[in-house]
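Right, one structure below, let's go through it.
In what follows, every chain begins at residue 1, and chains take the letters A, B, ... in the order their sequences are listed. Atom set for the values below is all heavy atoms of this structure, side chains included, hydrogens, waters and symmetry mates excluded.
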Number of protein chains: 2
Amino acid sequence: MLSKLGQAVTEQFAQRLRSIGIRPKHCGLLAAIRSMPMTSQLALGQALNLVPSAIVTMIDDLEALGAINRIADETDRRRYAIELTEKGAAMLQQATAIAQQVDDAILDSLGKTERDTLHQLLRKLATRSLQQG
Amino acid sequence: MLSKLGQAVTEQFAQRLRSIGIRPKHCGLLAAIRSMPMTSQLALGQALNLVPSAIVTMIDDLEALGAINRIADETDRRRYAIELTEKGAAMLQQATAIAQQVDDAILDSLGKTERDTLHQLLRKLATRSLQQG
DNA sequence: TATTGTTATACTCTATAACTATA
DNA sequence: TATAGTTATAGAGTATAACAATA
């Protein structure tokens, strides 16, 4: 049931994200870029546990959307620092809002107390289960 | 969080299922075959919302493992009825046991009352969210 | 020789559509 | 002409490995 619900949540999120042209995986990257400004591509990839080719593709996507810029590093000409543009920051904000909407839609049938209980229980599971991967 | 937990559960389940040579999707099919004995392939596919080519591949997999037999229909030579073999029934039983093990592993940190509460809350979510798909 | 970023390649999963043999 | 099953093909998604430029 957890598995099916998780899929349903992911799919709803993905579907609504289409309106701003990105996928769930881009959200994590955008958030990482915001929290680690001007970091190199590979460093971002390491932080998110992504292989180099994957991060390049995603950075390509975000660059095509105008969400980020590749800034050439002056001291090391192999490197590009990734900069979040205003548009990218706006997209991240929209994505966050969409996530909130999906949360609300999913939790619609639960009252405030029930939501809190659920959140607490899930967090308890997550601390154990998400560690091993 | 639901999304990540769901993924973690699915992956753990998939990993343990490897020991008996099948994937999570085969479990649903095996269960359907048991509950609908001697049904045609396409009918099974419809019951599980699968396209014909997908069900054929999965039936191929299960046949190669000796879990099912294709029985030629005597009145309609296009049709094959799917029969669960003893080995297939055993596999389904093993899969069910594995699912139980994964459940226990995931729910390890929760007490009996907490598990019941979680189950109740998730079911409440599921009745709403899993309907739309 | 090692590292950053990129491209090429391959592999899985899955869906669409063409095809066969029956009806 | 429609249906059961099959095969071929194409599309995402993702990982591996080869590669160029630079350190």
Side chain of A/Ser53 (C-beta onward), nearest among C/dT16, D/dG5, C/dA8: C/dA8
Is [X] atom [atom1] crowded by more than 12 heavy atoms from other residues, nucleotides or ligands, each under 6.0 Å away?
| X | atom1 | value |
| --- | --- | --- |
| B/Gln120 | CD | no |
| A/Glu83 | CD | yes |
| A/Phe13 | CZ | yes |

Give the angle between the helix axes at the two ends of the helix from C/dT1-D/dA23 to C/dA23-D/dT1, taking five base pairs at each end and rounding to 10°. 40°
So which of B/Leu125, B/Leu5, B/Leu2 actually passes side-chain contact (heavy atoms from CB on, under 4.5 Å) with A/Val9? B/Leu2
Atom pairs, protein N/O to nucleotides 1-4 of chain D N/O, distance under 3.5 Å:
residue, atom, partner, partner atom, Å
D/dT3, O2, B/Arg78, NH1, 2.3

In this structure, how many angstroms lie between the [atom2] atom of [N] and the [atom1] atom of [X], rounded?
| X | N | atom1 | atom2 | value |
| --- | --- | --- | --- | --- |
| A/Arg70 | D/dA21 | CZ | C1' | 15 Å |
| A/Ile59 | C/dT4 | CD1 | P | 15 Å |
| B/Asp61 | D/dT6 | CG | P | 12 Å |
| A/Leu44 | C/dT6 | CG | P | 12 Å |
| B/Leu62 | D/dG5 | CG | P | 15 Å |

Looking at A/Arg79, A/Arg70, A/Gln46, which one forms a side-chain hydrogen bond (donor to acceptor under 3.5 Å, both in side chains) with A/Gln41? A/Arg70
Is A/Lys25 near enough to D/dT14 that one of its side-chain N or O atoms lies under 4.0 angstrom from OP1 or OP2? yes
Is any side-chain nitrogen or oxygen of A/Arg23 closer than 4.0 Å to OP1 or OP2 of D/dG13? yes
Are the side chains of B/Thr117 and B/Leu110 in contact, using a 4.5 Å heavy-atom criterion? no
Both A/Arg77 and A/Val51 contact DNA chain D. Which one's nearest nucleotide lies toward the 5' end? A/Val51
Under the salt bridge (charged side-chain N to carboxylate O under 4.0 Å, His left out) rule, what pairs show up with a residue in residues 99-112 of chain B, not counting sequence neighbours? A/Arg128-B/Asp108, B/Asp104-B/Arg115, B/Lys112-B/Asp116
